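Remember, predicted model here, so these are calculated numbers, not experimental data.
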Amino acid sequence: MSKLIVLARHGSVRQFNIGGSTTTIGRDQGCDVQIDGLGVSRRHATIHWTGDRFVLTDMASFNGTFVNRHRVYEHALKNGDAIMMGECQLRFLYTSKALPRADALRLVTQSEDLLDIDAVREKNDWATFFRRDGSLPARLR
């Protein structure tokens, strides 16, 4: 079984099992993975099983979906992929064991691929950060 580990801005860490053929992610209460955060659309993205892999699809969200620092519209997920939606960082994992909170937090924040959200927020440069072409401002590369 696969799962998403979600690190919200305020530091909470949650784990969600990816089950069924489609998992919805967004602010809407009807989403399977509900994320109430800045920059997350009501129905932000989906993860669906294609028969041989999980595919993340952006649902025309306003601020975009990023995997390993690159803006994506559709992306075949691999174990350990770092996903950003708004101010939240997510990590996609293939595992069936529940991770202790400290281990889940370490997996989400340890990668060099993840951006320093506080640096982006301090610069108050969300519009530049979430460019439609997927590029990052030079100071964040």
Side-chain angles (χ1 to χ4, degrees), residues 1-99 101-141:
M1 178 176 283
S2 297
K3 61 180 62 207
L4 279 178
I5 299 174
V6 179
L7 174 64
R9 174 77 172 103
H10 50 80
S12 71
V13 177
R14 297 179 291 159
Q15 298 179 53
F16 294 92
N17 290 328
I18 306 297
S21 61
T22 303
T23 300
T24 56
I25 306 168
R27 281 192 345 257
D28 191 273
Q29 290 181 357
C31 288
D32 300 309
V33 178
Q34 186 180 4
I35 302 173
D36 187 22
L38 291 174
V40 179
S41 297
R42 280 187 216 98
R43 295 187 51 83
H44 198 103
T46 63
I47 297 176
H48 63 279
W49 177 249
T50 64
D52 63 344
R53 63 186 174 197
F54 285 98
V55 176
L56 173 72
T57 304
D58 183 84
M59 301 296 293
S61 64
F62 184 75
N63 291 317
T65 302
F66 296 79
V67 176
N68 302 325
R69 297 183 72 165
H70 300 283
R71 186 168 186 157
V72 299
Y73 298 96
E74 189 168 270
H75 179 81
L77 291 170
K78 295 182 285 294
N79 187 34
D81 275 346
I83 303 166
M84 278 196 71
M85 294 179 186
E87 63 182 16
C88 293
Q89 298 180 40
L90 301 89
R91 181 71 69 163
F92 178 77
L93 298 174
Y94 289 113
T95 182
S96 59
K97 298 186 297 186
L99 295 172
R101 183 181 187 277
D103 289 345
L105 180 61
R106 180 182 53 77
L107 286 170
V108 173
T109 59
Q110 186 174 29
S111 172
E112 293 176 10
D113 291 336
L114 298 179
L115 294 175
D116 182 356
I117 290 176
D118 293 325
V120 174
R121 181 175 288 262
E122 285 173 13
K123 301 218 183 291
N124 198 17
D125 201 8
W126 287 105
T128 303
F129 175 70
F130 289 112
R131 293 180 182 168
R132 286 282 173 199
D133 66 0
S135 65
L136 293 173
R139 67 182 173 277
L140 296 176
R141 285 187 210 137

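Remark: Phe16 engages no residue in a ring pair (Phe, Tyr, Trp, His ring centres under 6.0 Å) (not counting sequence neighbours). With sequence neighbours excluded, the residues forming a side chain to side chain donor-acceptor pair (under 3.5 Å) with Asp58 are Ser61, Thr65, listed by chain and number. Taking Thr50 as the reference, His48, Asp52, Arg53, Val55 meet the side chain to side chain contact (heavy atoms under 4.5 Å, CB included) condition, with sequence neighbours excluded.
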Begin from the C-alpha positions of Asp81 and His75 and carry the test side chain to side chain contact (heavy atoms under 4.5 Å, CB included) through to its verdict. CA-CA 10 Å; Asp81 275 346; His75 179 81; 3.3 Å; yes
Does the pair Thr24 and Val33 meet the rule for a side chain to side chain contact (heavy atoms under 4.5 Å, CB included), with working shown? CA-CA 6 Å; Thr24 56; Val33 178; over 6 Å; no
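The OG atom of Ser41 sits 11.0 Å away from the CD1 atom of Ile35 when rounded to the nearest 0.5 Å. Interatomic distance, Asp36 CG to Arg27 CZ, rounded to the nearest 0.5 Å: 7.0 Å. In this structure, OG1 on Thr23 lies 7.0 Å from CZ on Phe54, to the nearest 0.5 angstrom. Once rounded to the nearest 0.5 Å, the distance linking CG of Asn79 with CG of Leu93 reads 5.5 Å. The distance from atom OG1 of Thr22 to atom CD1 of Ile47, rounded to the nearest 0.5 Å, is 10.0 Å. Between Asp28 atom CG and Arg43 atom CZ the span is 6.5 Å, to the nearest 0.5 Å.
Within the 3.5 Å criterion, the main-chain N or O of Ala60 finds no donor-acceptor partner in the side chain of His44.
With contacts defined as side-chain heavy-atom distances shorter than 4.5 Å, the pair Val72/Phe66 does not qualify. Using a 4.5 Å heavy-atom threshold, the side chains of Leu77 and Ile83 count as touching.
Heavy-atom minimum distance, Ala45 versus Met85: CB-CE, 3.6 Å. Pairing each heavy atom of Phe92 with each of Lys78, the nearest pair is CD2-O, 3.5 Å.
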